[in-house]
2 protein chains.
Amino acid sequence: MDKIKIEKSTEEKILAAAKKVFISKGMAGARMQDIADEAGINKALLHYYFRNKEKLFEMIFMEASQKLFPKINSIFESDMPLFEKIENFCEEYITIMSENPYLPLFVLNEINQDPENFMSKIWDKQKFPRPQKFLEQVEKEVKKGTIKKISPLHLLINLISMCIFPFVGKAMIQFTNDLDELQFRNIMIQRKKEIPKFIIDSIKK
Amino acid sequence: MDKIKIEKSTEEKILAAAKKVFISKGMAGARMQDIADEAGINKALLHYYFRNKEKLFEMIFMEASQKLFPKINSIFESDMPLFEKIENFCEEYITIMSENPYLPLFVLNEINQDPENFMSKIWDKQKFPRPQKFLEQVEKEVKKGTIKKISPLHLLINLISMCIFPFVGKAMIQFTNDLDELQFRNIMIQRKKEIPKFIIDSIKK
DNA sequence: TCCTTTGTTAACCATTTGGTTAAACTGTAT
DNA sequence: ATACAGTTTAACCAAATGGTTAACAAAGGA
(Lines give C-alpha, C1' and ligand atoms only; values in the text may rest on other atoms or scores of the structure.)
Protein backbone atom coordinates (compact mmCIF):
# COMPACT_ATOMS: atom_id res chain seq x y z
CA MET A 1 0.00 0.00 0.00
CA ASP A 2 1.92 2.97 -1.21
CA LYS A 3 -1.26 5.01 -1.33
CA ILE A 4 -1.01 8.04 0.91
CA LYS A 5 -4.19 8.64 2.84
CA ILE A 6 -5.16 12.22 2.29
CA GLU A 7 -7.74 13.68 4.64
CA LYS A 8 -10.73 14.57 2.58
CA SER A 9 -12.54 17.72 3.57
CA THR A 10 -16.00 17.29 5.03
CA GLU A 11 -17.57 18.75 1.94
CA GLU A 12 -15.76 16.26 -0.26
CA LYS A 13 -16.77 13.42 2.03
CA ILE A 14 -20.40 14.49 1.77
CA LEU A 15 -20.31 14.76 -2.00
CA ALA A 16 -18.68 11.37 -2.36
CA ALA A 17 -21.21 9.79 -0.02
CA ALA A 18 -24.13 11.53 -1.69
CA LYS A 19 -22.95 10.42 -5.10
CA LYS A 20 -22.76 6.83 -3.97
CA VAL A 21 -26.14 6.81 -2.27
CA PHE A 22 -28.04 8.82 -4.89
CA ILE A 23 -26.66 6.81 -7.78
CA SER A 24 -27.48 3.49 -6.18
CA LYS A 25 -30.91 4.39 -4.78
CA GLY A 26 -32.07 7.35 -6.84
CA MET A 27 -33.41 10.64 -5.53
CA ALA A 28 -36.62 9.17 -4.10
CA GLY A 29 -34.98 6.14 -2.54
CA ALA A 30 -32.02 7.93 -0.99
CA ARG A 31 -32.18 8.83 2.70
CA MET A 32 -30.32 11.78 4.16
CA GLN A 33 -29.37 9.55 7.10
CA ASP A 34 -27.80 7.04 4.69
CA ILE A 35 -25.69 9.78 3.19
CA ALA A 36 -24.64 11.04 6.61
CA ASP A 37 -23.70 7.53 7.72
CA GLU A 38 -21.82 6.87 4.51
CA ALA A 39 -19.89 10.10 5.04
CA GLY A 40 -19.36 9.34 8.71
CA ILE A 41 -20.90 12.55 9.95
CA ASN A 42 -23.95 13.91 11.69
CA LYS A 43 -27.07 14.39 9.65
CA ALA A 44 -27.35 18.06 10.60
CA LEU A 45 -23.99 18.68 9.02
CA LEU A 46 -25.45 17.79 5.66
CA HIS A 47 -27.82 20.68 6.00
CA TYR A 48 -25.03 22.92 7.14
CA TYR A 49 -23.14 22.37 3.88
CA PHE A 50 -26.10 21.88 1.56
CA ARG A 51 -29.37 23.53 2.39
CA ASN A 52 -31.55 20.52 1.69
CA LYS A 53 -31.89 17.21 -0.09
CA GLU A 54 -32.93 18.80 -3.37
CA LYS A 55 -29.88 21.08 -3.48
CA LEU A 56 -27.55 18.24 -2.67
CA PHE A 57 -29.19 16.05 -5.26
CA GLU A 58 -28.97 18.76 -7.87
CA MET A 59 -25.25 19.04 -7.31
CA ILE A 60 -24.73 15.31 -7.78
CA PHE A 61 -27.08 15.12 -10.71
CA MET A 62 -25.44 18.05 -12.47
CA GLU A 63 -22.03 16.46 -12.14
CA ALA A 64 -23.38 13.14 -13.33
CA SER A 65 -25.22 14.49 -16.34
CA GLN A 66 -22.23 16.59 -17.29
CA LYS A 67 -20.22 13.40 -17.37
CA LEU A 68 -22.86 11.62 -19.40
CA PHE A 69 -23.43 14.28 -22.02
CA PRO A 70 -20.96 16.97 -22.94
CA LYS A 71 -18.04 14.83 -23.98
CA ILE A 72 -20.31 13.80 -26.82
CA ASN A 73 -20.42 17.23 -28.36
CA SER A 74 -16.72 17.84 -28.70
CA ILE A 75 -16.51 14.71 -30.82
CA PHE A 76 -19.75 15.15 -32.73
CA GLU A 77 -18.93 18.73 -33.63
CA SER A 78 -15.31 18.17 -34.57
CA ASP A 79 -14.11 18.03 -38.15
CA MET A 80 -12.94 14.43 -38.12
CA PRO A 81 -13.88 12.14 -40.99
CA LEU A 82 -17.00 10.09 -40.26
CA PHE A 83 -15.41 6.72 -39.59
CA GLU A 84 -12.78 8.25 -37.38
CA LYS A 85 -15.46 10.13 -35.51
CA ILE A 86 -17.37 6.93 -34.84
CA GLU A 87 -14.23 5.19 -33.62
CA ASN A 88 -13.35 8.13 -31.43
CA PHE A 89 -16.78 8.35 -29.90
CA CYS A 90 -16.92 4.68 -28.91
CA GLU A 91 -13.44 4.77 -27.48
CA GLU A 92 -13.97 7.91 -25.42
CA TYR A 93 -17.49 7.19 -24.34
CA ILE A 94 -17.01 3.64 -23.18
CA THR A 95 -13.84 4.62 -21.37
CA ILE A 96 -15.63 7.29 -19.35
CA MET A 97 -18.65 5.15 -18.61
CA SER A 98 -16.57 2.17 -17.55
CA GLU A 99 -15.39 4.29 -14.65
CA ASN A 100 -18.99 5.10 -13.74
CA PRO A 101 -21.03 2.15 -14.95
CA TYR A 102 -24.17 3.02 -12.99
CA LEU A 103 -24.24 6.61 -14.11
CA PRO A 104 -26.24 6.28 -17.34
CA LEU A 105 -29.11 4.42 -15.71
CA PHE A 106 -29.16 6.92 -12.87
CA VAL A 107 -29.28 9.97 -15.12
CA LEU A 108 -31.74 8.59 -17.63
CA ASN A 109 -34.02 7.41 -14.89
CA GLU A 110 -34.08 10.74 -13.11
CA ILE A 111 -34.67 12.58 -16.38
CA ASN A 112 -37.54 10.27 -17.07
CA GLN A 113 -39.05 10.57 -13.64
CA ASP A 114 -39.16 14.32 -13.59
CA PRO A 115 -38.62 15.72 -17.08
CA GLU A 116 -40.06 19.20 -16.43
CA ASN A 117 -37.89 19.86 -13.42
CA PHE A 118 -34.92 18.44 -15.23
CA MET A 119 -35.29 20.57 -18.30
CA SER A 120 -35.79 23.84 -16.47
CA LYS A 121 -33.11 23.49 -13.84
CA ILE A 122 -30.39 21.44 -15.37
CA TRP A 123 -30.77 21.44 -19.09
CA ASP A 124 -29.73 24.80 -20.37
CA LYS A 125 -27.08 25.33 -17.76
CA GLN A 126 -24.83 23.11 -19.77
CA LYS A 127 -24.39 22.44 -23.41
CA PHE A 128 -26.66 19.69 -24.45
CA PRO A 129 -25.93 17.03 -27.06
CA ARG A 130 -26.11 18.69 -30.45
CA PRO A 131 -25.96 15.89 -32.94
CA GLN A 132 -26.81 18.22 -35.82
CA LYS A 133 -23.36 18.30 -37.30
CA PHE A 134 -23.04 14.53 -37.10
CA LEU A 135 -26.36 14.04 -38.84
CA GLU A 136 -25.40 16.45 -41.61
CA GLN A 137 -22.06 14.76 -42.04
CA VAL A 138 -23.73 11.37 -42.49
CA GLU A 139 -26.17 12.81 -44.99
CA LYS A 140 -23.30 14.36 -46.92
CA GLU A 141 -21.47 11.05 -47.08
CA VAL A 142 -24.58 9.30 -48.27
CA LYS A 143 -25.05 11.86 -51.04
CA LYS A 144 -21.40 11.64 -52.01
CA GLY A 145 -21.97 7.92 -52.24
CA THR A 146 -19.09 7.04 -49.94
CA ILE A 147 -21.39 5.08 -47.63
CA LYS A 148 -24.61 3.17 -48.13
CA LYS A 149 -27.93 4.95 -48.02
CA ILE A 150 -28.88 5.07 -44.38
CA SER A 151 -31.02 7.32 -42.22
CA PRO A 152 -28.62 9.54 -40.25
CA LEU A 153 -30.91 9.57 -37.25
CA HIS A 154 -31.13 5.79 -37.11
CA LEU A 155 -27.39 5.53 -37.43
CA LEU A 156 -26.97 7.95 -34.55
CA ILE A 157 -29.44 6.06 -32.39
CA ASN A 158 -27.69 2.79 -33.21
CA LEU A 159 -24.36 4.24 -32.24
CA ILE A 160 -25.37 5.60 -28.86
CA SER A 161 -27.57 2.57 -28.14
CA MET A 162 -24.71 0.15 -28.54
CA CYS A 163 -22.41 2.29 -26.42
CA ILE A 164 -24.74 3.18 -23.58
CA PHE A 165 -27.18 0.32 -23.28
CA PRO A 166 -24.75 -2.27 -21.93
CA PHE A 167 -24.31 -0.07 -18.86
CA VAL A 168 -28.02 0.45 -18.43
CA GLY A 169 -28.71 -3.26 -18.77
CA LYS A 170 -25.54 -4.28 -16.95
CA ALA A 171 -27.27 -6.38 -14.30
CA MET A 172 -29.39 -8.14 -16.90
CA ILE A 173 -26.48 -8.83 -19.24
CA GLN A 174 -24.29 -10.06 -16.44
CA PHE A 175 -26.94 -12.37 -15.10
CA THR A 176 -28.15 -13.88 -18.36
CA ASN A 177 -24.62 -14.49 -19.55
CA ASP A 178 -23.15 -15.35 -16.17
CA LEU A 179 -20.45 -12.70 -16.24
CA ASP A 180 -18.56 -11.40 -13.23
CA GLU A 181 -17.34 -7.82 -12.89
CA LEU A 182 -14.03 -8.46 -14.57
CA GLN A 183 -15.56 -10.27 -17.51
CA PHE A 184 -18.03 -7.46 -17.99
CA ARG A 185 -15.24 -4.90 -17.93
CA ASN A 186 -13.33 -6.84 -20.54
CA ILE A 187 -16.31 -7.11 -22.81
CA MET A 188 -16.78 -3.38 -22.62
CA ILE A 189 -13.14 -2.89 -23.52
CA GLN A 190 -13.65 -5.11 -26.54
CA ARG A 191 -16.69 -3.12 -27.53
CA LYS A 192 -14.58 0.00 -28.00
CA LYS A 193 -13.32 -1.69 -31.16
CA GLU A 194 -16.22 -4.04 -31.88
CA ILE A 195 -18.87 -1.35 -32.21
CA PRO A 196 -17.06 0.84 -34.76
CA LYS A 197 -16.15 -2.28 -36.72
CA PHE A 198 -19.76 -3.44 -36.64
CA ILE A 199 -21.07 -0.07 -37.77
CA ILE A 200 -18.51 0.54 -40.48
CA ASP A 201 -19.01 -2.97 -41.84
CA SER A 202 -22.67 -2.13 -42.12
CA ILE A 203 -22.48 1.23 -43.87
CA LYS A 204 -19.29 1.16 -45.94
CA LYS A 205 -19.69 0.47 -49.62
CA MET B 1 -67.48 7.32 -29.63
CA ASP B 2 -68.74 3.82 -30.17
CA LYS B 3 -66.64 2.60 -27.29
CA ILE B 4 -68.76 0.97 -24.66
CA LYS B 5 -67.71 1.93 -21.19
CA ILE B 6 -67.25 -1.25 -19.27
CA GLU B 7 -67.12 -0.96 -15.50
CA LYS B 8 -63.73 -2.14 -14.40
CA SER B 9 -63.65 -4.08 -11.17
CA THR B 10 -61.99 -2.38 -8.23
CA GLU B 11 -59.10 -4.79 -8.38
CA GLU B 12 -58.53 -3.96 -12.02
CA LYS B 13 -58.74 -0.26 -11.28
CA ILE B 14 -56.13 -0.64 -8.57
CA LEU B 15 -53.78 -2.63 -10.76
CA ALA B 16 -54.08 -0.14 -13.59
CA ALA B 17 -53.46 2.77 -11.25
CA ALA B 18 -50.56 1.04 -9.53
CA LYS B 19 -48.99 0.23 -12.86
CA LYS B 20 -49.18 3.83 -13.93
CA VAL B 21 -47.81 5.25 -10.70
CA PHE B 22 -45.09 2.66 -10.11
CA ILE B 23 -43.83 2.84 -13.67
CA SER B 24 -43.65 6.60 -13.68
CA LYS B 25 -42.22 7.10 -10.19
CA GLY B 26 -40.58 3.79 -9.32
CA MET B 27 -41.09 1.77 -6.15
CA ALA B 28 -39.40 4.29 -3.86
CA GLY B 29 -41.05 7.35 -5.36
CA ALA B 30 -44.57 5.94 -5.58
CA ARG B 31 -47.05 6.88 -2.86
CA MET B 32 -49.92 4.64 -1.84
CA GLN B 33 -52.10 7.75 -1.73
CA ASP B 34 -51.21 8.54 -5.35
CA ILE B 35 -52.28 5.08 -6.40
CA ALA B 36 -55.53 5.37 -4.46
CA ASP B 37 -56.26 8.76 -6.02
CA GLU B 38 -55.41 7.51 -9.48
CA ALA B 39 -57.79 4.60 -8.97
CA GLY B 40 -60.44 6.86 -7.48
CA ILE B 41 -60.75 4.92 -4.26
CA ASN B 42 -59.93 5.12 -0.60
CA LYS B 43 -56.40 4.32 0.44
CA ALA B 44 -57.53 1.63 2.88
CA LEU B 45 -59.07 -0.26 0.01
CA LEU B 46 -55.63 -0.78 -1.43
CA HIS B 47 -54.69 -2.70 1.67
CA TYR B 48 -57.93 -4.61 1.51
CA TYR B 49 -57.05 -6.00 -1.92
CA PHE B 50 -53.26 -6.11 -1.58
CA ARG B 51 -51.73 -6.58 1.81
CA ASN B 52 -49.08 -3.88 1.46
CA LYS B 53 -47.03 -1.76 -0.89
CA GLU B 54 -44.44 -4.45 -1.45
CA LYS B 55 -47.01 -7.03 -2.48
CA LEU B 56 -48.70 -4.61 -4.82
CA PHE B 57 -45.39 -3.61 -6.31
CA GLU B 58 -44.34 -7.20 -6.77
CA MET B 59 -47.49 -7.87 -8.74
CA ILE B 60 -46.85 -4.94 -11.07
CA PHE B 61 -43.18 -5.66 -11.38
CA MET B 62 -43.79 -9.32 -12.18
CA GLU B 63 -46.19 -8.43 -14.92
CA ALA B 64 -43.81 -5.81 -16.28
CA SER B 65 -40.74 -8.01 -16.28
CA GLN B 66 -42.71 -10.82 -17.85
CA LYS B 67 -43.56 -8.47 -20.67
CA LEU B 68 -39.96 -7.35 -20.99
CA PHE B 69 -38.31 -10.74 -20.97
CA PRO B 70 -40.02 -13.95 -21.92
CA LYS B 71 -41.13 -13.08 -25.42
CA ILE B 72 -37.43 -13.05 -26.14
CA ASN B 73 -36.99 -16.72 -25.46
CA SER B 74 -39.62 -18.07 -27.80
CA ILE B 75 -37.84 -16.36 -30.65
CA PHE B 76 -34.29 -17.01 -29.52
CA GLU B 77 -34.97 -20.70 -28.99
CA SER B 78 -36.94 -21.29 -32.16
CA ASP B 79 -35.50 -23.03 -35.20
CA MET B 80 -35.72 -20.08 -37.56
CA PRO B 81 -32.75 -19.22 -39.76
CA LEU B 82 -30.54 -16.54 -38.21
CA PHE B 83 -31.52 -13.57 -40.34
CA GLU B 84 -35.19 -14.39 -40.02
CA LYS B 85 -34.76 -14.69 -36.28
CA ILE B 86 -33.20 -11.26 -36.10
CA GLU B 87 -35.99 -9.76 -38.18
CA ASN B 88 -38.59 -11.47 -36.06
CA PHE B 89 -37.07 -10.35 -32.82
CA CYS B 90 -36.95 -6.68 -33.79
CA GLU B 91 -40.47 -6.74 -35.13
CA GLU B 92 -41.98 -8.44 -32.09
CA TYR B 93 -39.96 -6.69 -29.48
CA ILE B 94 -40.39 -3.15 -30.69
CA THR B 95 -44.10 -3.76 -31.21
CA ILE B 96 -44.58 -4.84 -27.61
CA MET B 97 -42.42 -2.09 -26.17
CA SER B 98 -44.11 0.60 -28.23
CA GLU B 99 -47.25 -0.14 -26.26
CA ASN B 100 -45.32 0.23 -23.00
CA PRO B 101 -42.49 2.62 -23.75
CA TYR B 102 -41.59 3.32 -20.14
CA LEU B 103 -41.47 -0.30 -19.14
CA PRO B 104 -37.84 -1.11 -19.95
CA LEU B 105 -36.44 1.77 -17.93
CA PHE B 106 -38.71 0.90 -15.04
CA VAL B 107 -37.73 -2.76 -14.94
CA LEU B 108 -34.03 -2.24 -15.50
CA ASN B 109 -33.91 0.46 -12.88
CA GLU B 110 -35.64 -1.64 -10.23
CA ILE B 111 -33.42 -4.61 -11.01
CA ASN B 112 -30.44 -2.38 -10.60
CA GLN B 113 -31.62 -0.79 -7.39
CA ASP B 114 -32.26 -4.01 -5.58
CA PRO B 115 -30.64 -6.92 -7.39
CA GLU B 116 -30.64 -9.37 -4.49
CA ASN B 117 -34.33 -8.97 -3.79
CA PHE B 118 -35.06 -9.12 -7.47
CA MET B 119 -33.19 -12.32 -8.08
CA SER B 120 -34.62 -14.22 -5.15
CA LYS B 121 -38.24 -13.20 -5.47
CA ILE B 122 -38.87 -12.60 -9.11
CA TRP B 123 -36.17 -14.21 -11.10
CA ASP B 124 -36.68 -17.96 -11.01
CA LYS B 125 -40.44 -17.72 -10.95
CA GLN B 126 -40.36 -17.11 -14.64
CA LYS B 127 -38.19 -18.29 -17.44
CA PHE B 128 -35.34 -15.94 -17.88
CA PRO B 129 -33.73 -14.95 -21.17
CA ARG B 130 -31.70 -17.92 -22.38
CA PRO B 131 -29.68 -16.62 -25.29
CA GLN B 132 -27.63 -19.80 -25.43
CA LYS B 133 -29.23 -21.16 -28.54
CA PHE B 134 -28.93 -17.86 -30.34
CA LEU B 135 -25.24 -17.62 -29.48
CA GLU B 136 -24.61 -21.16 -30.71
CA GLN B 137 -26.49 -20.47 -33.89
CA VAL B 138 -24.34 -17.43 -34.63
CA GLU B 139 -21.18 -19.38 -33.93
CA LYS B 140 -22.35 -22.14 -36.26
CA GLU B 141 -23.02 -19.66 -39.06
CA VAL B 142 -19.60 -18.10 -38.55
CA LYS B 143 -17.94 -21.52 -38.79
CA LYS B 144 -19.97 -22.43 -41.85
CA GLY B 145 -18.72 -19.18 -43.31
CA THR B 146 -22.17 -17.88 -44.16
CA ILE B 147 -21.61 -14.71 -42.16
CA LYS B 148 -18.56 -12.69 -41.24
CA LYS B 149 -16.48 -13.59 -38.23
CA ILE B 150 -18.15 -11.87 -35.32
CA SER B 151 -18.37 -12.46 -31.59
CA PRO B 152 -21.83 -13.92 -30.92
CA LEU B 153 -22.10 -12.17 -27.59
CA HIS B 154 -21.33 -8.77 -29.07
CA LEU B 155 -23.84 -9.37 -31.82
CA LEU B 156 -26.46 -10.24 -29.23
CA ILE B 157 -25.68 -7.17 -27.17
CA ASN B 158 -25.84 -5.01 -30.27
CA LEU B 159 -29.21 -6.44 -31.20
CA ILE B 160 -30.89 -5.90 -27.86
CA SER B 161 -29.19 -2.55 -27.34
CA MET B 162 -30.60 -1.14 -30.56
CA CYS B 163 -34.07 -2.46 -29.78
CA ILE B 164 -34.33 -1.52 -26.12
CA PHE B 165 -32.20 1.57 -25.67
CA PRO B 166 -34.42 4.00 -27.59
CA PHE B 167 -37.13 3.38 -25.00
CA VAL B 168 -34.75 3.80 -22.09
CA GLY B 169 -33.35 7.01 -23.54
CA LYS B 170 -36.68 8.15 -24.96
CA ALA B 171 -36.74 11.51 -23.18
CA MET B 172 -33.17 12.25 -24.17
CA ILE B 173 -33.66 11.24 -27.79
CA GLN B 174 -36.88 13.20 -28.08
CA PHE B 175 -35.35 16.30 -26.59
CA THR B 176 -32.08 16.36 -28.46
CA ASN B 177 -33.82 15.72 -31.77
CA ASP B 178 -36.93 17.72 -31.04
CA LEU B 179 -39.36 14.88 -31.63
CA ASP B 180 -42.96 14.79 -30.45
CA GLU B 181 -44.73 11.60 -29.40
CA LEU B 182 -45.97 10.79 -32.87
CA GLN B 183 -42.61 11.31 -34.49
CA PHE B 184 -40.98 9.09 -31.91
CA ARG B 185 -43.55 6.37 -32.51
CA ASN B 186 -42.93 6.52 -36.22
CA ILE B 187 -39.19 6.28 -35.80
CA MET B 188 -39.66 3.19 -33.68
CA ILE B 189 -41.87 1.69 -36.38
CA GLN B 190 -39.11 2.36 -38.90
CA ARG B 191 -36.60 0.72 -36.62
CA LYS B 192 -38.41 -2.61 -36.86
CA LYS B 193 -37.01 -2.79 -40.38
CA GLU B 194 -33.96 -0.54 -40.00
CA ILE B 195 -32.28 -2.55 -37.26
CA PRO B 196 -32.36 -5.95 -39.02
CA LYS B 197 -31.19 -4.29 -42.21
CA PHE B 198 -28.37 -2.59 -40.35
CA ILE B 199 -27.28 -5.80 -38.65
CA ILE B 200 -27.54 -8.03 -41.69
CA ASP B 201 -25.65 -5.49 -43.80
CA SER B 202 -22.90 -5.68 -41.23
CA ILE B 203 -22.54 -9.44 -40.89
CA LYS B 204 -23.54 -10.89 -44.26
CA LYS B 205 -20.75 -11.91 -46.57
C1' DT C 1 -6.30 35.80 26.89
C1' DC C 2 -10.64 36.86 25.07
C1' DC C 3 -13.64 37.07 21.25
C1' DT C 4 -15.44 35.84 16.87
C1' DT C 5 -16.12 32.74 13.23
C1' DT C 6 -16.58 28.18 11.57
C1' DG C 7 -17.55 23.38 12.15
C1' DT C 8 -20.04 19.62 14.59
C1' DT C 9 -23.32 17.32 17.41
C1' DA C 10 -27.49 15.54 20.16
C1' DA C 11 -31.99 16.40 20.74
C1' DC C 12 -36.00 17.87 18.88
C1' DC C 13 -39.94 19.05 15.56
C1' DA C 14 -43.43 18.80 11.84
C1' DT C 15 -44.86 16.36 8.07
C1' DT C 16 -45.28 12.48 5.32
C1' DT C 17 -46.33 7.90 4.77
C1' DG C 18 -47.53 2.98 5.08
C1' DG C 19 -50.71 0.68 7.46
C1' DT C 20 -54.91 -0.36 10.82
C1' DT C 21 -59.57 -0.10 12.81
C1' DA C 22 -64.18 0.17 13.39
C1' DA C 23 -68.08 1.71 11.49
C1' DA C 24 -71.10 2.05 7.47
C1' DC C 25 -72.82 0.67 3.09
C1' DT C 26 -74.44 -2.75 -0.65
C1' DG C 27 -76.39 -6.47 -2.45
C1' DT C 28 -78.44 -11.06 -1.76
C1' DA C 29 -80.46 -15.00 0.22
C1' DT C 30 -83.82 -16.36 3.90
C1' DA D 1 -88.01 -7.05 6.97
C1' DT D 2 -83.65 -9.50 8.57
C1' DA D 3 -79.37 -11.37 8.59
C1' DC D 4 -75.12 -11.87 6.52
C1' DA D 5 -71.10 -11.53 3.56
C1' DG D 6 -68.28 -8.79 0.99
C1' DT D 7 -66.95 -4.02 0.03
C1' DT D 8 -65.80 0.83 1.08
C1' DT D 9 -64.78 4.72 3.89
C1' DA D 10 -63.25 8.27 7.54
C1' DA D 11 -60.49 8.56 11.23
C1' DC D 12 -56.63 7.19 13.35
C1' DC D 13 -51.74 5.46 14.53
C1' DA D 14 -46.78 4.65 14.69
C1' DA D 15 -42.66 4.89 12.30
C1' DA D 16 -39.77 7.15 9.13
C1' DT D 17 -37.95 11.20 7.33
C1' DG D 18 -36.40 15.91 6.05
C1' DG D 19 -35.19 19.63 8.45
C1' DT D 20 -34.20 22.91 12.69
C1' DT D 21 -32.27 24.43 17.10
C1' DA D 22 -29.30 25.33 20.61
C1' DA D 23 -25.37 24.12 22.73
C1' DC D 24 -20.65 23.08 22.25
C1' DA D 25 -15.86 22.49 20.28
C1' DA D 26 -11.95 24.22 17.41
C1' DA D 27 -9.38 27.57 15.20
C1' DG D 28 -7.60 31.85 14.60
C1' DG D 29 -7.02 36.88 15.05
C1' DA D 30 -6.97 41.09 18.14
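Note on naming: letters A, B, ... go to the chains in the order of the sequence lines (proteins, then strands), and numbering restarts at 1 for each one.
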Practice task
Cation-pi check, B:K170 to B:F184: give yes when NZ or CZ is under 6.0 Å from the six-membered ring centre and within 45° of the ring axis, no otherwise.
Solution key: yes

Atom [atom1] of [X] and atom [atom2] of [N]: how far apart are they, to the nearest Å?
{"X": "B:I35", "N": "C:dG18", "atom1": "CD1", "atom2": "P", "answer": "8 Å"}
{"X": "A:F22", "N": "D:dG18", "atom1": "CZ", "atom2": "P", "answer": "9 Å"}
{"X": "B:Q33", "N": "D:dA10", "atom1": "CD", "atom2": "P", "answer": "11 Å"}
{"X": "A:E12", "N": "C:dG7", "atom1": "CD", "atom2": "P", "answer": "14 Å"}
{"X": "B:K53", "N": "C:dT17", "atom1": "NZ", "atom2": "P", "answer": "9 Å"}
{"X": "A:M32", "N": "C:dC13", "atom1": "CE", "atom2": "P", "answer": "20 Å"}
{"X": "A:I41", "N": "C:dG7", "atom1": "CD1", "atom2": "P", "answer": "13 Å"}
{"X": "B:D37", "N": "C:dG18", "atom1": "CG", "atom2": "P", "answer": "12 Å"}

Is the phosphate of [N], meaning OP1 or OP2, less than 4.0 Å from a side-chain N or O of [X]?
{"X": "A:Y48", "N": "D:dT20", "result": "no"}
{"X": "A:T10", "N": "C:dT8", "result": "yes"}
{"X": "B:H47", "N": "C:dT20", "result": "no"}

Handout entry: Under 3.5 Å donor-acceptor pair, B:K43 side-chain atoms to C:dG19 base atoms
Key = yes

Handout entry: A:L45 side-chain proximity, nearest of C:dT9, C:dG18, D:dA10
Key = C:dT9

Problem - Salt-bridge contact A:K25-B:D114 (side-chain N to carboxylate O under 4.0 Å) - result: no

Practice task
Using modelled atom types only, decide if a donor and an acceptor are shared between the side chain of A:N177 and the backbone of A:L179 within a distance under 3.5 Å.
Solution key: no

Problem - Parallel, tilted or perpendicular: rings of A:F76 and A:F89 (30°, 60°) - result: parallel

Exercise for the section: Report the residue (A:R31 or A:A44) whose heavy-atom-nearest nucleotide on DNA chain D is the more 5′ of the two. Expected result: A:R31

Fill in the blank from the handout: Correct closest heavy-atom pair for B:K43 and B:Q33 would be CD-OE1, 3.4 Å

